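Working notes for the structure below.
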Amino acid sequence: MAGDLADPEALRAAVAASEPSCVIHLAAEIATQRDPARIDEINVNGTRSLLAACGEAVRPRFVFTSTVVTGDARGALLDEDAPLPVETAYGRSKQAGEALVRESGLDAVIIRPSHVYGPGGWYAEEILGRVRGPGRFAVIGSGENLWDVVRVEDVAAACVDAAERAPAGALYHVVDDEPIRYFDFVALTAKAAGVGPPRRIPAWVARLAAGADPIRAVTRSARSSNARIKRELGWSPRFPTAREGVPDVVAALSA
C-alpha cells in the first residue's frame with residue numbers, strides 16, 4: 001500500500017495495513033532542492049507524520065536516514081560525537097528530523113550517509129549526464145574541497161545492518177574509507193566515461209543559476225569517519241573508495 005509524506009492520513013493507513021516490524025525512512029527532498037518550504041514540508045513535517053503513524057500502529061523499529069552533508073566543515077573529520085556544521089535548509093531539515101526521531105519514543109536508529117552516488121539518481125543525472133553532455137562539465141570553485149562519498153549499495157547494506165543489529169538510539173556515519181577531492185571525483189567520472197577532464201567556474205557564478213544552498217552542498221569540504229559502524233555492526237563498504245566505485249558505476253550505466 002502506498003503512502004505519501006505530504007498526506008498524514010495516507011501514511012497512517014499504509015502503516016496500519018502493513019503492520020511493519022521495521023520502517024526504513026529514506027524519502028526526502030535532497031540538497032539540490034531550492035525551495036526551503038518544500039524541504040521542510042517533506043523532510044520535517046513528513047518525518048513527523050511518519051513517526052506519528054508508526055507510534056499509533058505496531059511501534060516498529062525505525063531507521064532514519066539523515067546526512068552528514070549539512071555544511072562546510074573546512075576539511076575537518078566528522079564523527080558521531082561532535083555536532084555537525086549546519087548551514088543549509090537541507091541540513092537544518094535533517095537535523096530537525098533527527099530530533100523528531102529521538103523524541104518519538106520509538107526503537108530508533110539514525111544513519112548519516114555522505115554524498116551518495118550510484119547507478120541512478122543525482123549522480124546519473126547531475127554528474128555523469130552532464131559529463132557526457134555537450135561542452136565540458138564545470139566544477140564549481142577550485143574543486144579542491146574534500147568530498148566524503150559512499151556507494152548507494154553500501155548505504156543499503158548499512159540500513160539493513162542498522163535494522164537488524166544496532167542498539168536503540170545508535171547513530172552512525174556511513175561513508176567509504178577515503179575522501180576524495182570534488183574535482184578528482186568528477187575527473188574520475190569523466191575518465192571512466194571516456195571524455196576530457198572538467199573545467200572550473202567561480203562559485204559566485206554558479207550561485208546565480210543554482211541558488212546558494214545547492215552550491216554550499218557541492219563546495220563544502222569534509223571528511224567523515226566510518227569507524228563506529230565498522231566496529232559496532234561489522235559493516236564494511238563493498239566499494240572502499242571512489243577509485244573502485246566510480247568506474248564500476250559508469251560501466252553499469254553504460255551497459
Side-chain angles (χ1 to χ4, degrees), residues 28-40 42-43 66-78 82-96 112-118 120-152 173 175-176 178-193 195-225 241-243 245-246 249-250:
E29 289 287 350
I30 62 173
T32 54
Q33 171 60 255
R34 297 180 64 178
D35 182 355
R38 177 64 178 173
I39 290 173
D40 279 350
I42 299 304
N43 296 6
S66 184
T67 186
V68 297
V69 184
T70 60
D72 189 2
R74 294 174 175 79
L77 179 66
L78 303 174
L84 297 176
V86 181
E87 299 176 332
T88 64
Y90 171 70
R92 288 189 291 273
S93 76
K94 284 298 193 175
Q95 287 290 290
R112 290 175 177 167
S114 53
H115 295 282
V116 182
Y117 71 100
W122 73 271
Y123 175 79
E125 297 170 6
E126 300 294 327
I127 302 292
L128 183 58
R130 293 184 178 182
V131 161
R132 285 174 165 166
R136 290 168 61 202
F137 183 98
V139 164
I140 298 163
S142 71
E144 294 301 304
N145 54 303
L146 291 168
W147 265 25
D148 35 11
V149 301
V150 63
R151 270 284 290 260
V152 66
H173 287 185
V175 300
D176 72 13
E178 184 180 300
I180 184 170
R181 297 197 183 276
Y182 169 44
F183 183 92
D184 293 339
F185 183 80
V186 177
L188 193 59
T189 300
K191 180 178 180 181
V195 301
R199 59 191 176 92
R200 294 176 172 89
I201 62 169
W204 70 267
V205 173
R207 279 194 292 271
L208 296 175
D213 276 7
I215 301 309
R216 288 190 184 102
V218 169
T219 57
R220 68 183 277 277
S221 184
R223 300 168 292 141
S224 292
S225 171
T241 75
R243 289 190 299 275
V246 166
V249 76
V250 172

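The first residue in the sequence is number 1, and the count goes up from there. This is a predicted model, so every value here is computed, not measured.
Smallest separation of non-hydrogen atoms from Ala28 and Lys94: CB-NZ, 3.6 Å. When every heavy atom of Ser225 is checked against every heavy atom of Leu77, the shortest pair comes out as N-CD1, 3.8 Å. Nearest approach of Val249 to Gly118, heavy atoms of both residues: CG2-C, 3.1 Å. Considering every non-hydrogen atom in both Pro36 and Ala89, the closest pair reads CB-CB, 4.2 Å. For the residue pair Leu128 and Ala193, the shortest heavy atom distance occurs at CD1-CB, 4.0 Å. Residues Ala73 and Ala222 share a closest heavy-atom pair of CB-CB, 3.8 Å.
Residues Asn43 and Ser93 bring a donor and an acceptor atom of their side chains to less than 3.5 Å of each other.
With salt bridges taken as basic N to acidic carboxylate O contacts below 4.0 Å, none links Arg216 and Glu87. We find that Lys191 and Asp184 are not joined by a salt bridge, their nearest charged nitrogen and carboxylate oxygen being 4.0 Å or further apart.
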Please assess Leu146 against Arg181 for the test side chain to side chain contact (heavy atoms under 4.5 Å, CB included), listing each intermediate value before the final yes or no. CA-CA 4 Å; Leu146 291 168; Arg181 297 197 183 276; 3.9 Å; yes
For the pair Thr32 and Trp122, evaluate side chain to side chain contact (heavy atoms under 4.5 Å, CB included) and give the outcome as yes or no after the intermediate values. CA-CA 9 Å; Thr32 54; Trp122 73 271; 5.7 Å; no
Side chain to side chain contact (heavy atoms under 4.5 Å, CB included) evaluation trace for Arg112 with Leu84: CA-CA 11 Å; Arg112 290 175 177 167; Leu84 297 176; 3.7 Å; yes
Apply side chain to side chain contact (heavy atoms under 4.5 Å, CB included) to residues Thr88 and Ile39 and explain how you reach the verdict. CA-CA 11 Å; Thr88 64; Ile39 290 173; over 6 Å; no
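Residues Ser142 and Phe183 are not in side-chain contact: their nearest non-hydrogen atoms beyond the backbone lie 4.5 Å or more apart. Between Asp176 and Ser114 the shortest side-chain heavy-atom distance does not fall below 4.5 Å. In this structure the side chain of Ile180 never reaches within 4.5 angstrom of the side chain of Thr241, judged on heavy atoms. A 4.5 Å side-chain heavy-atom check between Phe137 and Ile127 finds at least one atom pair inside the cut-off. Residues Phe185 and Val246 meet the side-chain proximity criterion, which asks for heavy atoms closer than 4.5 Å.
Residue pairs that meet the side chain to side chain donor-acceptor pair (under 3.5 Å) test with at least one member in residues 123-132, sequence neighbours left out, are Tyr123-Thr189, Glu126-Arg130, Arg132-Ser254. Residue pairs that meet the salt bridge (charged side-chain N to carboxylate O under 4.0 Å, His left out) test with at least one member in residues 195-208, sequence neighbours left out, are Glu144-Arg200.
Under a 3.5 Å cut-off, the side chain of Trp147 and the backbone N or O of Val218 do form a donor-acceptor pair. Put simply, the side chain of Arg34 gets close to the backbone of Ala210: a donor and an acceptor are under 3.5 Å apart. Side chain of Asp72 to backbone of Ser221: a donor-acceptor contact under 3.5 angstrom is found.
Arg220 pairs with exactly one of Asn145, Asp148, Thr70 by the side-chain hydrogen bond (donor to acceptor under 3.5 Å, both in side chains) rule, that one being Asp148.
Contacts of Ala31 classified as side chain to side chain contact (heavy atoms under 4.5 Å, CB included), with partners at least two apart in sequence or in another chain: Tyr90, Ala217.
For the atom pair Asp40 CG and Gln33 CD, the distance stands at 11.0 Å (nearest 0.5 Å). Summarising the geometry, atom CD1 belonging to Ile215 is positioned 9.5 Å from atom CG belonging to Leu208; distances are rounded to the nearest 0.5 Å.
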